[in-house]
Trainee: 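Pasting a structure here, questions to come.
Throughout, numbering of the chain's residues begins at 1 and tracks the sequence. Reckoned from all heavy atoms, side chains included, excluding hydrogens, waters and symmetry mates.
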Amino acid sequence: MTGPEVRSGDVLHLSRTASVQFIRPITVRVIRVLADWHTYHGWVWIDAYELNAAGDAVRRRTLFLMPAGARRLAQRCRA
């Protein structure tokens, strides 16, 4: 994912390119980026809802990932 950084409301597809923890790819909606959590350069912590195939939130998760490896499916709407 090059360009804009991860923001609240983004819908992301996460696979092994985002982190080795995603052996099974998942889709999440970002609640917030945990900017005050220190990490390695190019990595972030996020709070997110894991989404099922219908797009419904099924689980809240805190995830460590490399945004450059995530695929953005949707971006929050701006008023």
Side-chain angles (χ1 to χ4, degrees):
M1 191 164 108
T2 57
E5 57 191 66
V6 177
R7 299 189 188 282
S8 299
D10 288 351
V11 177
L12 306 175
H13 178 79
L14 304 175
S15 65
R16 289 188 68 113
T17 58
S19 176
V20 295
Q21 68 183 307
F22 304 116
I23 295 168
R24 179 186 59 83
I26 64 171
T27 302
V28 299
R29 181 178 304 113
V30 178
I31 300 168
R32 65 185 173 137
V33 176
L34 302 168
D36 54 336
W37 289 28
H38 299 286
T39 186
Y40 298 104
H41 178 75
W43 291 78
V44 296
W45 282 98
I46 63 169
D47 274 339
Y49 289 115
E50 185 174 348
L51 306 177
N52 64 15
D56 298 322
V58 292
R59 189 163 79 165
R60 186 173 177 159
R61 299 186 62 178
T62 299
L63 302 168
F64 181 61
L65 62 106
M66 185 184 330
R71 184 167 48 109
R72 181 176 282 125
L73 301 177
Q75 207 167 7
R76 71 180 173 136
C77 296
R78 299 182 192 267

Trainee: Is there a chain of hydrophobic side chains (I, L, V, M, F, W, Y, each step under 4.5 Å between heavy atoms) that links Phe22 to Val33?
Mentor: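 Phe22 and Val33: one cluster.
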Trainee: Could you check if a side-chain atom of Val44 sits within less than 4.5 angstrom of a side-chain atom of Thr39, using non-hydrogen atoms only?
Mentor: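 No. Closest side-chain heavy atoms not under 4.5 Å.
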Trainee: CZ/Arg24 to OG/Ser15 distance, rounded to the nearest 0.5 angstrom?
Mentor: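 It is 12.0 Å, given to the nearest 0.5 Å.
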Trainee: Indicate yes or no: at least one non-hydrogen side-chain atom of Ile23 is less than 4.5 angstrom from one of Arg16.
Mentor: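 Yes, their side chains come closer than 4.5 Å.
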Trainee: Is there side-chain contact between Arg60 and Asp47, with heavy atoms separated by less than 4.5 Å?
Mentor: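 Arg60 reaches Asp47 side chain to side chain.
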Trainee: Once you measure the plane-to-plane angle for Trp43 and Phe64, does it fall in the parallel (<30°), tilted (30-60°) or perpendicular (>60°) bin?
Mentor: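 Answer is parallel, since the angle falls under 30°.
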Trainee: Quick one: does any side-chain atom of Ser19 pair with a main-chain N or O of Leu65 as donor and acceptor, under 3.5 Å?
Mentor: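 Absent.
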Trainee: Kindly indicate, with the supporting measurements, whether the criterion salt bridge (Lys or Arg N to Asp or Glu O under 4.0 Å) is fulfilled by Glu5 and Arg72.
Mentor: CA-CA 10 Å; Glu5 57 191 66; Arg72 181 176 282 125; over 6 Å; no
Trainee: When rounded to the nearest 0.5 angstrom, what is the spacing between CG in Leu14 and CE in Met66?
Mentor: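 Reported value, rounded in 0.5 Å steps: 12.0 Å.
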Trainee: Between Ser8 and Ile31 (side chain of the first, backbone of the second, donor and acceptor by atom type, cut-off under 3.5 Å), is there such a pair?
Mentor: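 Judged by distance alone, yes, a pair lies under 3.5 Å.
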Trainee: Can Gln21 and Leu63 be said to form a side chain to side chain contact (heavy atoms under 4.5 Å, CB included), step by step?
Mentor: CA-CA 9 Å; Gln21 68 183 307; Leu63 302 168; 4.3 Å; yes
Trainee: Closest approach of Gly42 and Pro67, non-hydrogen atoms and distance?
Mentor: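 Nearest pair, atom of Gly42 first, then Pro67: O-CD, 3.3 Å.
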Trainee: Leu51 versus Val28: any side-chain heavy-atom pair under 4.5 Å?
Mentor: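 SC-SC contact between Leu51 and Val28 ruled out.
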Trainee: Within a strict 4.5 Å, meaning less than it, do heavy atoms of the Trp45 and Thr62 side chains meet?
Mentor: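 The answer is yes, as the side chains (C-beta and beyond) meet within the 4.5 Å cut-off.
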Trainee: Is the closest side-chain heavy-atom distance between Arg29 and Leu12 below 4.5 Å?
Mentor: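 Heavy-atom side-chain distance check fails, nothing below 4.5 Å.
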